Amino acid sequence: MASGKPESEQVPPKTPDLSTWYNAICYKAELVSLSPVRGCVVLRPYGYGLWERLQSALDERFKATGHENAYFPLLIPESLLTREAEHVEGFAPEVAWVTQGGTETLSERLAIRPTSEVVIGVMYAQWIQSYRDLPVLINQWANVVRWEKRTRPFLRTLEFLWQEGHTAHATEQEAAAEVQQMLDVYVDVAENICAVPVYKGEKSASERFAGAAHTFSIEGLMPDGRALQAGTSHELGQNFSKAYDITFAAEDQTIQHAWTTSWGMSWRMLGALIMVHGDDRGLRIPPRMAPIEAVIVPIVKAGNDEVALAARSLFKRLKDAGLRVKLDERDLRPGNKYADWEMRGVPLRIELGERDITQGVATLVRRDKAKGEEGGKVVVPLDEMVDRARGILEAIQNNLLARAREHLQSHTFMVAERNEFFRMCRERAGMIDIAWCERPECEAFIKVETSATSRNLRPLEGGPTACVACGEPARVRAYFAQAY
RNA sequence: CGGGAUGUAGCUCAGCCAGGUAGAGCGGGCGCUUUGGGAGCGCCAGGCCGCAGGUUCGAACCCUGUCAUCCCGACCA
């Protein structure tokens, strides 16, 4: 009887086909819908709720580090876009263009922003005159468009939501510190809010942002062994300030070019969260990210509204205590509601029926535990509910992070032997950690052979050693993996 | 952009090969009985068979084109 689940309600298992599972979850949990526009999704209210959680986690950290929000135009005149040569070249294949306004053909094409370094740079050139104007610390919440060949909900869509921070500084050191500070904000949000553990490090030359001097990223590992870049932070050096004339009078009377940075995280982070935590029953949302932390399911019997009243009173108490709680009074059988909220990944379910009420308790079921797993179901006295619910939510948050970290660690391999390195890259074994020469030719060869690329790099510790892939002198340690 | 596959009811799909005018399960609505893991019975609604052409007396089915989605590859700051 427990297996009487209708075929049509099921979602395909998470393994072995992560891709099919992922798509099904995104639609069934009502996060997104396909739209009539190729490659563009509609973010539905529940999906938007997730995005808002991510937004507020990031935004409060941006504010805490002295940044302000502003908004710049969607359209960029072609002549402005083409000033930073490397930048243009990098983005050219994915820029969408507006060529007509109303019935008139435009004299100059307008690019739909693939990112905003250009427009923001032009404005910074106007705003910055003196060292006293620096630093400029601005963030923008925006949509951008990149004409991708292959799209997937959250991970890669033509239009997507993100934030892009853009700062200008008087010195290279200050800009570098900003870039590391924001990278650490991304690590904090990924791990402590989304419960997605990541590796941070610098990008290789071939993976670097077009026009940047240094690009840093955070990289998570998905269950299929592919890596996902979930946030980037760039030292733009003076490349953009030279292209867009961002100069200032320094204390020593000289005119200098500002040092700029940019950093971004998109709704792609949500894709990572979905893949890392979800299971065969649907989404599993870490409590700090959950639009709904707990759902109360009253188990009502006909002709007895005692349960409904108790449920409403419990709902009010939890809500007043500040929990994001939902009372599900729909006219459905409890089993349907359980399955429904499990699909949506609500961390905690509070079941309240006659049996509970007579004993002054409610039954709590944790979404992070499998059915029948130790500790998955606990009975809690109603008058202790607020504190106990809080405690359990925290435990769920920790448990999801611990499990994800365990997966990342057990799928990270420090490899010293060439053939083993190539084999593991091909097999998508996980994050393959090697001593590396950092040469683009070497990276290109690895990519051709295995379709893996370097994810990010960190300093080489210990004595001199050889590149595991090619035998030349190693300069860094690098994680290699196939990437999303 | 190359290779492959698929578009039929809200969802999952059958029907197509051997053309004859639309089906199932689930879901949805109403009623009754139910409600501690995806209920039961009865009634009802729902589809220009992705779109556009062509062949044919007749096309969901055959042909051409096109759009979209999925998988593999290329590309993806």
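None of these values were measured; they are calculated from a predicted model. Chain A is the first sequence line, chain B the second, and so forth, proteins listed ahead of strands; every chain is numbered from 1. These values consider heavy atoms only, across backbone and side chains, with no hydrogens, waters or symmetry-generated copies.
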For Trp97(A), does the six-membered ring have the charged nitrogen or CZ of Arg109(A) within the cation-pi criterion, i.e. under 6.0 angstrom from the centroid and within 45° of the normal?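 Yes, Arg109(A) sits over the ring of Trp97(A).
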[atom1] atom, [N] versus [M]: distance in rounded Å?
| N | M | atom1 | answer |
| --- | --- | --- | --- |
| C62(B) | U69(B) | C1' | 24 Å |
| A52(B) | C32(B) | C1' | 50 Å |
| A22(B) | G65(B) | P | 29 Å |
| G25(B) | C67(B) | C1' | 30 Å |
| A59(B) | G2(B) | P | 33 Å |
| A14(B) | C49(B) | C1' | 13 Å |
| G47(B) | C11(B) | P | 13 Å |
| G73(B) | G37(B) | C1' | 44 Å |

Using salt bridge (charged side-chain N to carboxylate O under 4.0 Å, His left out) as the criterion, point out the one residue from [options] that pairs with [X].
| X | options | value |
| --- | --- | --- |
| Glu342(A) | Arg366(A), Arg349(A), Lys369(A), Lys337(A) | Arg349(A) |
| Glu219(A) | Arg226(A), Arg268(A), Arg458(A), Lys203(A) | Lys203(A) |
| Arg455(A) | Glu202(A), Glu207(A), Glu443(A) | Glu207(A) |

Round to a whole Å and report the spacing from [atom1] of [X] to [atom2] of [N].
| X | N | atom1 | atom2 | value |
| --- | --- | --- | --- | --- |
| Trp341(A) | G36(B) | CH2 | P | 19 Å |
| Glu443(A) | C76(B) | CD | P | 12 Å |
| Leu332(A) | C26(B) | CG | P | 17 Å |
| Glu94(A) | C75(B) | CD | C1' | 9 Å |
| Leu352(A) | G36(B) | CG | C1' | 11 Å |

At 4.0 Å (heavy atoms only), tell me whether [X] reaches a base, stays on the sugar-phosphate, or touches nothing.
| X | value |
| --- | --- |
| Glu342(A) | base |
| Arg156(A) | base |
| Glu86(A) | nothing |

Return the nearest nucleotide to the side chain of Asp331(A); candidates are U34(B), G36(B), G38(B).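 It is U34(B).
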Which listed nucleotide (U35(B), C1(B), G37(B)) is nearest to the side chain of Lys149(A)?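 That would be C1(B).
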Could you pick out which residue, Pro334(A) or Thr115(A), lies toward the 5' side of RNA chain B when each is mapped onto its nearest nucleotide?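 Final value for this comparison: Pro334(A).
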Please tell me which of Ile299(A) and Pro114(A) maps to the more 5' nucleotide of RNA chain B, matching each residue to the nucleotide holding its nearest heavy atom.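 Between the two, 5'-proximity favours Ile299(A).
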Quick one: is [N] close enough that its OP1 or OP2 comes under 4.0 Å of any side-chain N or O from [X]?
| X | N | answer |
| --- | --- | --- |
| Lys447(A) | C75(B) | yes |
| Asn336(A) | A39(B) | yes |
| Arg355(A) | G36(B) | no |

Heavy atoms only: give me the nearest Glu94(A)-Glu148(A) pair and the separation to one decimal.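 Nearest pair, atom of Glu94(A) first, then Glu148(A): OE1-OE2, 2.9 Å.
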Answer yes if the ring centres of Trp267(A) and Phe160(A) are under 6.0 angstrom apart, and no otherwise.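 Here the rings of Phe160(A) and Trp267(A) have centres that are no less than 6.0 Å from each other.
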Nucleotide N/O of nucleotides 68-71 of chain B paired with protein N/O under 3.5 Å:
unit_1 : atom_1 : unit_2   : atom_2 : d
U69(B) : OP1    : Gly39(A) : N      : 3.0
C71(B) : OP1    : Ser19(A) : OG     : 2.4

If only side-chain N and O atoms count, and only distance matters, is there a donor-acceptor pair under 3.5 Å linking Asn143(A) with Glu159(A)?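 Yes.
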Distance-only donor-acceptor check, side chains Glu178(A) and His67(A), under 3.5 Å: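 A donor-acceptor contact under 3.5 Å links the two side chains.
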Please determine whether any donor N or O and acceptor N or O are separated by less than 3.5 Å between the side chain of Ser451(A) and the base of G73(B).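 Checked by distance alone, the answer is no.
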Under 3.5 Å, is there an N or O donor on one side and an acceptor on the other linking the side chain of Arg349(A) and the base of G37(B)?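 Yes, the side chain and the base share a sub-3.5 Å donor-acceptor pair.
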Evaluate the ring planes of Phe209(A) and His87(A), with Trp represented by its six-membered ring, and classify them as parallel (under 30°), tilted (30 to 60°) or perpendicular (over 60°).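 Tilted, since the angle between the ring planes falls between 30° and 60°.
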My understanding is that a pair needs two contacts under 3.5 Å, Watson-Crick or G-U wobble. By that rule, which nucleotide pairs with C11(B)?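 Per the H-bond distance test, G25(B).
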